[in-house]
Each structure stands twice: as structure tokens, then as C-alpha cells.
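Some notes on the structure that comes next.
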Protein chains: 2
Amino acid sequence: MQTAAGTRPNATRTDLCSAGPPRPPRPDGQDRYTISEVAALTGLSAHTLRWYERIGLMSHIDRSHTGQRRYTNADLDWLDLVGKLRLTGMPVADMVRYAELVRAGESTYGQRRALLESTRGDVLRRITELRDTLAVLDLKIDFYGDLERVRDQEVT
Amino acid sequence: MQTAAGTRPNATRTDLCSAGPPRPPRPDGQDRYTISEVAALTGLSAHTLRWYERIGLMSHIDRSHTGQRRYTNADLDWLDLVGKLRLTGMPVADMVRYAELVRAGESTYGQRRALLESTRGDVLRRITELRDTLAVLDLKIDFYGDLERVRDQEVT
DNA sequence: TAGGACGTTGGAGTGCGCTCCAGGCAAGCG
DNA sequence: CGCTTGCCTGGAGCGCACTCCAACGTCCTA
């Protein structure tokens with residue numbers, strides 16, 4: 001709680017803002033993917049992909065002549081958006097609502113935009129919260145760093 | 001996806017980074033709070049407060065002569081930290097682990113600091129993710145804004 | 001033609017973070 | 001004295017977002 005705050009002399013290498021492992025890139029020139037390919041590309045499980053379809057978060061997926069799902073690039077685009085929305089903490093039910101608006105056609109542009117703007121506000125609030133939390137964490141980290149340093153001096 | 005991106009001419013008033021409703025301030029000069037007072041101060045339910053204690057997220061709370069909980073300012077401080085950690089998405093089990101380290105005394109300074117630094121990394125990653133998401137949302141919002149404007153022109 | 005990998009379905013199960021319930025005790029009030 | 005209000009307990013229940021199961025079909029390769 002004391003200490004010349006804000007210095008963070010002991011910042012670690014994790015500071016670089018790496019945002020997780022990079023997903024395998026989408027091979028181009030292709031427009032029909034099996035469910036396991038999509039699972040690999042998105043990081044979602046095949047279970048989850050089927051579940052998304054059942055609850056209406058994805059519109060009906062194309063099928064092969066034997067009834068197996070064949071995802072298109074447009075489906076992958078949609079999954080990218082869903083992934084982003086999921087990161088915001090938006091409940092799946094709300095994403096389903098958005099999906100329904102998209103399916104309902106262009107008369108819903110206004111509603112879609114309103115939903116996205118409300119989500120945008122959520123994200124901004126969330127970022128602010130996280131920054132506040134970061135400040136608290138830095139204080140605590142410095143505090144413990146100081147305590148350790150003092151203890152080391154005692155020992156020396 | 002097209003449009004002169006990045007302009008956001010139609011930003012709304014929700015842009016101000018208000019981070020939720022302000023909690024009622026802690027009355028000073030007081031150091032014994034009933035569970036419902038703490039619930040009001042923290043926004044947690046009394047159920048949740050008792051549950052936190054049961055799972056070891058809070059060390060044993062003082063009791064009145066009739067066995068009712070009496071929280072101290074130190075308890076409220078701890079709940080503030082817990083609230084921050086919760087905002088980071090840290091699982092309750094990890095917070096319990098941190099609480100155990102605190103109870104274990106000063107020999108755990110290093111571990112506590114390591115845990116906080118790892119959490120700090122999580123928060124940085126999370127902020128990056130949210131900023132990426134924000135960019136996508138802004139693109140979409142502008143896109144729908146443009147579509148609506150075009151449609152209005154058609155009507156006019 | 002056999003084997004194994006991969007896909008299908010409806011429905012049940014899981015883990016997390018609460019949330020609520022029933023039954024009971026203690027204090028304050030008219 | 002009864003009534004209300006607030007708190008206590010252990011344990012059951014809930015909503016969300018998956019996650020898995022059993023039983024079966026299909027594709028590919030050898």
C-alpha cells in the first residue's frame with residue numbers, strides 16, 4: 001500500500017500483450033469443411049458446434065449427400081463473430097437473439113445495431129473495470145515485492 | 001466491412017466509461033457490520049457471504065454473543081479484493097488458494113506475488129482481447145449505420 | 001470385406017457459482 | 001404474550017454453457 005507506486009521495476013516478460021495461441025489459419029480456396037476441421041479452426045469442440053446449431057446460434061448447416069455437416073467460409077465468419085461476442089461475456093441467449101435478427105432480414109438493421117452498441121458499452125465498461133483491477137494488482141504486487149526485499153535485507 | 005472505417009460519427013452517450021452504479025460508501029468509525037449491512041455494501045447476497053465463508057474464501061468471521069456474524073473493516077477490505085479478482089474471471093477455487101496462502105503467513109509472500117502476477121498477465125490478455133472485439137464491433141456498427149443511411153436515401 | 005476413423009442423433013450429465021429452502025433461534029415491540 | 005424481523009444451519013436446487021453417452025451409419029484403406 002505504501003511504496004513509490006506506479007514504478008513496477010519488476011515487470012515480467014508476460015507483459016507482452018500476447019492474446020493466446022494463434023489459431024491455425026483458414027486454408028483458402030476451400031469452402032466446405034467437416035465438423036472436425038471447423039473444430040480445429042475455431043477451437044470449439046464438435047459437440048459445441050452441433051449444440052450451437054441446435055439452439056439456433058447457427059442457421060442450418062449444409063449437408064453432404066450422406067448427411068454430414070459441411071461448413072462454408074461464411075459459417076466460419078459467423079463463428080468468428082460469435083467468438084468475439086463470447087469474449088465480451090454476452091450470454092448465448094443474446095447471441096441467439098442476434099442470429100434471429102440476422103435471419104429475419106434487413107428490416108432488423110436498427111435492432112442489430114442497437115444490440116451491438118449496447119454490447120460495445122458493456123465492453124468499454126469491462127475494460128475500465130479491468131484497468132481498475134490492474135491498478136489494485138500492481139499495488140499488491142509492489143507491496144509483496146517490497147516485503148520480500150525487506151525480508152532479504154533482514155537475512156543478509 | 002467497407003466504409004471509411006474508424007470514424008464512428010454516431011457514437012452514443014454510453015461512451016462515457018461509467019463503471020456501474022456506485023456502491024454505498026462504508027460509514028466510518030464503525031467496525032462491526034451485520035451480514036445484511038455487508039450485503040448492501042458489497043452487492044453480494046447474504047447467501048453468498050455465508051457460502052464464501054464455508055468454502056474458505058473468508059477466514060472465520062467474528063460472532064456476536066448470540067452467534068450472528070459481525071464483519072470488520074478488514075473483512076470488507078478483503079471482500080473488495082475478492083470483488084476485483086472476481087472481475088478478472090479468476091475461478092473461486094484460485095481465490096480460495098490465495099486466501100489459504102494469506103492464512104499461512106508471511107512465508108508465502110513469494111507464492112502470493114506469483115499468483116497475482118499471473119493474474120495480472122491474464123488481465124492484460126483479457127484487455128487486449130476486448131480491444132480487438134471492440135474494433136470488430138465498431139466495424140459492424142458503422143456497417144449497419146451506413147446501410148440504414150443508404151436505405152433512408154432510397155426512401156427519400 | 002474387414003477394420004478403424006469419423007460422423008449422426010436425442011438426451012443425460014457435469015462443473016461452476018451461486019441461490020434457495022426448511023426448520024429453528026434470538027431480539028424488539030405493542 | 002404473540003408477532004415480526006433478522007439471522008442461523010445443512011443441504012438441495014438452479015441456470016448456464018457446455019460435455020459426454022450409447023447406438024448407430026458411413027467413408028476410406030488394405
Side-chain angles (χ1 to χ4, degrees), chain A residues 30 32-72 75 78-79 81-100 119 122 126 129 133, chain B residues 30 32-72 75 78-79 81-100 119 122 126 129 133:
Chain A
Q30 191 179 343
R32 287 175 78 73
Y33 304 84
T34 67
I35 198 164
S36 57
E37 284 170 335
V38 175
L41 288 171
T42 61
L44 299 165
S45 74
H47 292 301
T48 301
L49 288 168
R50 284 188 279 255
W51 178 67
Y52 277 2
E53 194 179 340
R54 263 197 294 193
I55 64 174
L57 184 49
M58 306 207 62
S59 47
H60 185 73
I61 303 297
D62 281 357
R63 299 298 178 116
S64 72
H65 70 105
T66 56
Q68 298 191 184
R69 287 173 184 78
R70 290 295 177 263
Y71 291 81
T72 64
D75 294 327
W78 174 253
L79 283 171
L81 176 61
V82 165
K84 293 287 184 210
L85 293 180
R86 206 170 41 132
L87 285 178
T88 69
M90 180 188 279
V92 167
D94 290 5
M95 291 191 248
V96 171
R97 164 136 188 74
Y98 183 77
E100 282 164 355
T119 302
D122 293 345
R126 195 90 187 77
E129 284 174 354
T133 301
Chain B
Q30 191 180 341
R32 287 176 78 74
Y33 304 83
T34 67
I35 197 166
S36 57
E37 283 169 334
V38 175
L41 289 171
T42 60
L44 299 166
S45 74
H47 291 302
T48 302
L49 288 168
R50 283 188 280 256
W51 179 67
Y52 277 3
E53 194 179 340
R54 264 198 292 194
I55 64 175
L57 185 47
M58 305 206 64
S59 47
H60 184 72
I61 302 297
D62 281 357
R63 299 299 178 115
S64 72
H65 68 105
T66 56
Q68 298 190 185
R69 287 172 184 79
R70 292 294 178 263
Y71 291 81
T72 64
D75 294 327
W78 174 254
L79 283 171
L81 176 61
V82 166
K84 293 287 184 210
L85 293 180
R86 205 171 41 133
L87 286 178
T88 68
M90 180 189 278
V92 167
D94 290 5
M95 292 191 247
V96 171
R97 165 139 185 75
Y98 183 76
E100 282 163 355
T119 302
D122 293 345
R126 195 87 188 76
E129 284 175 355
T133 301

Spacing of [X] atom [atom1] relative to [N] atom [atom2], expressed in whole Å:
X       : N      : atom1 : atom2 : result
A:Ile55 : D:dA17 : CD1   : P     : 8 Å
A:Glu53 : D:dT19 : CD    : C1'   : 17 Å
A:Asp62 : C:dT8  : CG    : P     : 13 Å
A:Leu49 : C:dT9  : CG    : P     : 12 Å
B:Asp94 : C:dG15 : CG    : C1'   : 14 Å
A:Ile61 : C:dT9  : CD1   : C1'   : 16 Å
A:Trp51 : D:dC21 : CH2   : P     : 18 Å
B:His65 : C:dA26 : NE2   : P     : 10 Å

The criterion is side-chain contact (heavy atoms from CB on, under 4.5 Å); which residues satisfy it with B:Arg63, sequence neighbours excluded?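 So B:Arg63 forms a side-chain contact (heavy atoms from CB on, under 4.5 Å) with B:Glu53, B:His60, B:Arg69.
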Has A:Tyr52 got a side-chain N or O lying under 4.0 Å from the OP1 or OP2 atom of D:dC18?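 Checking D:dC18 against A:Tyr52, a side-chain N or O does come within under 4.0 Å of OP1 or OP2.
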Looking at [atom1] of [X] and [atom2] of [Y], how far apart are the two atoms once the value is rounded to the nearest 0.5 Å?
X       : Y       : atom1 : atom2 : result
B:Met95 : B:Thr88 : CE    : OG1   : 6.5 Å
A:Ile61 : A:Arg70 : CD1   : CZ    : 12.0 Å
A:Ser45 : A:Arg50 : OG    : CZ    : 8.0 Å
A:Leu41 : A:Leu79 : CG    : CG    : 10.0 Å

Sequence-aligned protein contact record of nucleotides 5-12 of chain D, with B where the base is within under 4.0 Å of a protein heavy atom and S where only the sugar-phosphate is: --SSBBB-
Output all residues satisfying salt bridge (charged side-chain N to carboxylate O under 4.0 Å, His left out) with B:Asp122, sequence neighbours left out; order by chain, then residue number.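 Testing B:Asp122 for salt bridge (charged side-chain N to carboxylate O under 4.0 Å, His left out), a comparison that skips the adjacent residues, returns B:Arg125.
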